[in-house]
Each structure stands twice: as structure tokens, then as C-alpha cells.
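In what follows, a single structure is set out as C-alpha cells and then discussed.
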Number of protein chains: 2
Amino acid sequence: MDVTLAAGSAWTDPACPVARTVDLIGDRWSLLIIRDAMDGATSFTEFHQRLGIARNILTDRLRKLVEHGILDKSAATDGRRHTYRLTGAGQDLFTAVVALRQWGERHAFAPDEPHSILVDDQGRELPELHPLGQDGTPLSAEASHVRRTA
Amino acid sequence: MDVTLAAGSAWTDPACPVARTVDLIGDRWSLLIIRDAMDGATSFTEFHQRLGIARNILTDRLRKLVEHGILDKSAATDGRRHTYRLTGAGQDLFTAVVALRQWGERHAFAPDEPHSILVDDQGRELPELHPLGQDGTPLSAEASHVRRTA
DNA sequence: TCGAATAGGTTGCATTTTGCAACTTATTGG
DNA sequence: CCAATAAGTTGCAAAATGCAACCTATTCGA
């Protein structure tokens with residue numbers, strides 16, 4: 001198993017997991033495609049209609065997400081359609097999507113502005129996500145640091 | 001208090017917190033600037049050297065991050081330098097950065113490839129972050145859904 | 001005190017990415 | 001077998017990004 005970006009292109013910062021993730025899904029559309037896949041979208045047309053993305057760009061992004069092991073492409077029972085499904089790695093982005101969503105809820109809306117919310121099976125809003133230290137208390141950026149590998 | 005994107009530009013999906021967050025920090029560089037700010041970078045030159053970003057683009061991104069209330073710009077004691085610091089909203093992106101980092105650690109490296117890691121004050125690696133349901137068990141994308149606002 | 005170095009830009013131009021609209025191919029339902 | 005649907009592809013225009021040279025204000029050192 002190995003992970004690659006694209007022929008002829010290099011990682012922005014090869015040793016940093018944040019930078020690699022941004023290289024893979026940090027453009028204007030990929031994360032929104034993933035968001036809609038998590039919300040049930042599976043076909044080219046569905047993604048196109050929900051996002052209003054240019055068709056050639058959608059083609060390119062779906063292809064790259066498949067290449068990177070985030071989406072899986074298969075033929076649907078209707079021979080015209082293709083089915084795009086999140087792989088395990090794609091589903092594992094749920095945590096990151098929730099973290100970005102919760103930040104947006106807290107900081108990207110005026111107090112009175114309405115916005116969609118994420119709820120569980122019982123319709124209850126999700127609790128806020130925060131990194132915890134070993135002792136179970138919330139951990140801040142200042143209380144942590146990056147250890148660079150040799 | 002109100003939140004705006006930029007003169008003459010519109011939100012990709014105004015009601016979705018994920019989309020708004022992507023509109024604010026979802027380009028090739030902003031999140032890496034924030035990552036380095038969390039790791040102690042404060043000056044134009046520091047960001048430039050760590051990232052290898054084009055100077056005019058760095059100027060633009062720092063200005064936008066300040067505009068969006070994620071960074072704060074002030075004069076340093078050395079009259080030549082400026083100091084960029086994360087605001088509260090900027091520090092609050094820590095959760096999202098950790099989530100993206102942990103996904104990258106799990107899925108963007110070959111098993112034997114070295115990468116930097118995030119540790120706490122005692123040098124211990126951070127526990128994995130996962131959304132939990134009200135009952136405290138991990139919640140998956142399938143067990144949740146978006147409720148659209150009127 | 002004055003010239004060189006540092007810090008933080010700006011400007012012009014080339015390259016790359018993105019977006020739009022029209023066209024293409026394959027499948028399907030009536 | 002014809003019209004509609006699905007999933008693209010293609011050509012061209014517009015916008016974003018990147019590079020290198022230039023500019024201005026501080027500060028340091030001889």
C-alpha cells in the first residue's frame with residue numbers, strides 16, 4: 001500500500017499529515033463532494049445538482065477522489081448511472097467534516113442567521129468535538145506541539 | 001457581529017456551515033498558515049520560510065485571515081516586524097486541524113513512511129478524535145443526517 | 001551617521017486552475 | 001426506434017497562483 005498525489009506533482013510538505021490531507025482534499029470542491037456523499041449522494045448528476053459545480057471539474061474531482069481511495073466507483077443497476085460510494089478512508093473523514101462544520105456553526109454565521117445542523121438518529125444535535133489530553137480535559141494548541149521526525 | 005466573505009463574492013452554499021468554513025479557509029494555503037501559527041509562527045518572514053509560499057499570495061492570505069477574524073495583526077516591538085496571532089476563532093480551529101492531521105496520519109502515508117506527530121506537554125501522542133453520540137459511543141456518518149433549516 | 005541588511009510588502013507578467021457552454025456517446029423507457 | 005437521461009469531453013474565456021524584480025521603512029554595526 002502506498003499513497004501518491006498525482007503524476008508530476010509533489011506534496012507541499014511531505015512529512016506533515018495536515019499538509020498531505022490539504023493536498024488531497026483541500027480544494028474548493030472535494031470536501032463538499034465528500035459532505036454530500038455522507039448525506040446520501042451517489043451519482044454524477046446528484047453531485048452536480050447539489051453543488052452547482054462545473055461538469056468538467058466534477059469529473060476531475062470524482063476521478064481524483066477515486067484515485068486517492070476516498071470514493072469507490074461502480075456501475076449502478078441502471079446501466080446509465082455510476083455509483084460513487086465512500087470507502088473506509090472516505091467515511092473516516094466524518095470526524096474532520098464534523099469539526100469543520102462545528103467551527104463554521106460557531107464562527108461563520110451571524111447570531112441570527114439560520115443554518116443546517118447535523119443530528120443523530122434520534123434527531124438530537126451532536127455534542128461539540130474537542131481534542132482531549134490523556135487526563136480527559138480539553139487540550140489547546142498551546143498545550144501541544146509538533147514533534148518533527150528525523 | 002456579522003460574517004462576510006469578500007466584496008463581490010458569494011457563499012458557495014450559504015446555509016451550510018461546512019461550505020462556509022471551506023469558503024473561508026479551504027484554499028491551498030490558509031489552513032497551513034493556521035497550522036504554523038498554532039506551532040508558534042508569528043511574522044510574515046516566518047510564514048514565508050516555513051511554507052515556501054509566493055510572497056504576494058502570503059500577503060493576500062494573511063490579509064483575508066485577518067479580515068475574517070482568524071488572525072490578529074499588530075506591530076511588534078521591533079518596528080520592522082508585524083505580529084500575527086490567532087484570535088479566539090483562530091485558536092478554535094485547533095479541533096479541525098487535529099481532525100485533518102489524524103486522518104492524514106491514518107490514510108495519507110504508506111505504513112513505513114515517517115511523519116511529524118502532535119504531542120501534549122508530556123510528550124504523549126494525542127488520543128484519536130471521534131464524534132460521539134449522546135450515549136458516548138462513536139457516531140458514524142450513516143447514523144447522522146443533516147437537518148435543513150427553513 | 002551612514003551604508004548595508006532586514007522586514008514586509010507591491011508590481012508586472014507567465015502559468016495553471018477553474019468555469020461555461022456546446023457537443024458526444026451510451027443506455028433506457030415508451 | 002426515437003426521445004430522454006446519464007455521464008462525460010472539448011474549446012475557449014476568466015480567475016487564481018506563482019515567480020522575480022522592485023520599493024519603502026526600520027535597524028544594526030562600523
Side-chain angles (χ1 to χ4, degrees), chain A residues 5-13 19 22-34 36-37 40-68 70-85, chain B residues 5-13 19 22-34 36-37 40-68 70-85:
Chain A
L5 189 49
S9 61
W11 297 108
T12 301
D13 185 350
V22 169
D23 281 342
L24 292 174
I25 58 162
D27 64 288
R28 188 196 269 3
W29 294 113
S30 294
L31 210 58
L32 299 182
I33 291 171
I34 292 159
D36 284 352
T42 60
S43 70
F44 184 93
T45 302
E46 260 178 307
F47 289 113
H48 180 238
Q49 287 172 349
R50 294 198 194 199
L51 291 167
I53 181 178
R55 301 169 68 81
N56 54 343
I57 304 300
L58 179 56
T59 301
D60 180 74
R61 293 304 181 278
L62 289 172
R63 184 183 53 73
K64 282 182 179 158
L65 289 171
V66 169
E67 262 177 29
H68 296 145
I70 291 165
L71 289 178
D72 179 77
K73 182 182 185 174
S74 61
T77 35
D78 180 339
R80 289 177 291 193
R81 286 174 192 270
H82 295 158
T83 299
Y84 294 93
R85 278 183 211 295
Chain B
L5 188 49
S9 61
W11 298 108
T12 300
D13 185 351
V22 169
D23 281 342
L24 292 175
I25 58 163
D27 64 289
R28 188 193 283 0
W29 293 113
S30 294
L31 209 58
L32 298 182
I33 291 170
I34 291 159
D36 284 352
T42 59
S43 70
F44 183 94
T45 302
E46 259 178 309
F47 288 113
H48 180 239
Q49 287 173 348
R50 294 198 194 200
L51 292 167
I53 181 178
R55 301 167 68 80
N56 53 342
I57 305 299
L58 178 56
T59 300
D60 180 75
R61 293 304 180 278
L62 288 172
R63 184 182 53 72
K64 282 181 179 158
L65 288 171
V66 169
E67 261 177 31
H68 296 143
I70 291 166
L71 289 177
D72 179 77
K73 182 180 184 175
S74 61
T77 33
D78 180 339
R80 290 177 292 190
R81 286 174 192 271
H82 295 156
T83 298
Y84 293 93
R85 279 183 211 294

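Chain letters run A, B, ... following the sequence lines, proteins first and then strands; every chain starts at 1. Note that these values count all heavy atoms, side chains included, but never hydrogens, waters or copies made by symmetry. In this text the structure is predicted, and so the values were computed from the model without any measurement.
Counting only heavy atoms from C-beta outward, the side chains of A/Ile70 and A/Ile34 approach each other to under 4.5 Å. For the pair A/Leu24/A/Trp11, a side-chain contact is recorded, criterion being any heavy-atom separation below 4.5 Å from C-beta on. Taking the side chain as every heavy atom from C-beta outward, B/Ile33 and B/Leu58 approach each other to under 4.5 Å. For the pair A/Phe44 and A/Thr59, the minimum side-chain heavy-atom distance is below 4.5 Å. The closest side-chain heavy-atom distance from A/Leu65 to A/Ile25 is below 4.5 Å.
A straight line from CG of A/Leu32 to P of C/dT18 spans 13 Å, rounded to a whole angstrom. Remark: P of D/dA6 and CZ of A/Arg50 are 14 Å apart, rounded to the nearest angstrom. A straight line from CD1 of B/Ile57 to P of C/dT10 spans 12 Å, rounded to a whole angstrom. The separation between B/Leu71 atom CG and C/dG8 atom P is 14 Å, rounded to whole Å. Residue B/Ile53 contributes atom CD1, which lies 7 Å from atom P of D/dG18 at whole-angstrom precision. Rounded to an integer number of Å, the gap from CD of B/Gln49 to C1' of C/dG9 is 15 Å. D/dC19 atom P lies 9 Å from atom CG of B/Asn56, rounded to whole Å. Across the protein-nucleic acid pair, B/Leu58 atom CG and C/dG8 atom C1' stand 10 Å apart, rounded to whole Å.
Checking each of A/Val66, A/Asp72, A/Thr42 against A/Tyr84 for a side-chain contact (heavy atoms from CB on, under 4.5 Å) leaves exactly one that passes, namely A/Val66.
Listed pair A/Tyr84 / D/dA6 fails the phosphate criterion, with no side-chain N or O lying under 4.0 Å from OP1 or OP2. Applying the 4.0 Å criterion to OP1 and OP2 of C/dT18, one finds that A/Arg61 has a side-chain N or O inside that range. Checking the phosphate oxygens (OP1, OP2) of D/dG18, a side-chain nitrogen or oxygen of B/Trp29 falls inside 4.0 Å. Proximity of B/Thr59 to the phosphate of C/dG9: no side-chain N or O atom is located under 4.0 Å from OP1 or OP2. Here A/Arg55 does not reach the OP1 or OP2 of D/dA6: none of its side-chain N or O atoms lies under 4.0 Å away. The phosphate of C/dT17 has neither OP1 nor OP2 within less than 4.0 Å of any side-chain N or O from A/Lys64.
Comparing D/dG8, C/dT18, C/dG8 against the side chain of A/Phe44 picks out D/dG8 as the nearest. Here the nucleotide nearest the side chain of A/Arg81, chosen from C/dG19, C/dT18, D/dA7, is D/dA7. Taking every side-chain heavy atom of A/His82 into account, D/dG8 is the closest of C/dA7, D/dG8, D/dT27. Considering only the side chain of B/Arg80, D/dT27 comes nearest among D/dT27, C/dT18, D/dT17.
Mapping A/Asp78 and A/Gly52 onto DNA chain C via the closest heavy atom, the residue that lands nearer the 5' end is A/Gly52. Both A/Arg28 and A/Thr83 lie near DNA chain D, and the one whose nearest nucleotide falls closer to the 5' end is A/Thr83.
Residue-level contact check: A/Asp60 touches neither bases nor backbone, having no heavy atom under 4.0 Å from any strand.
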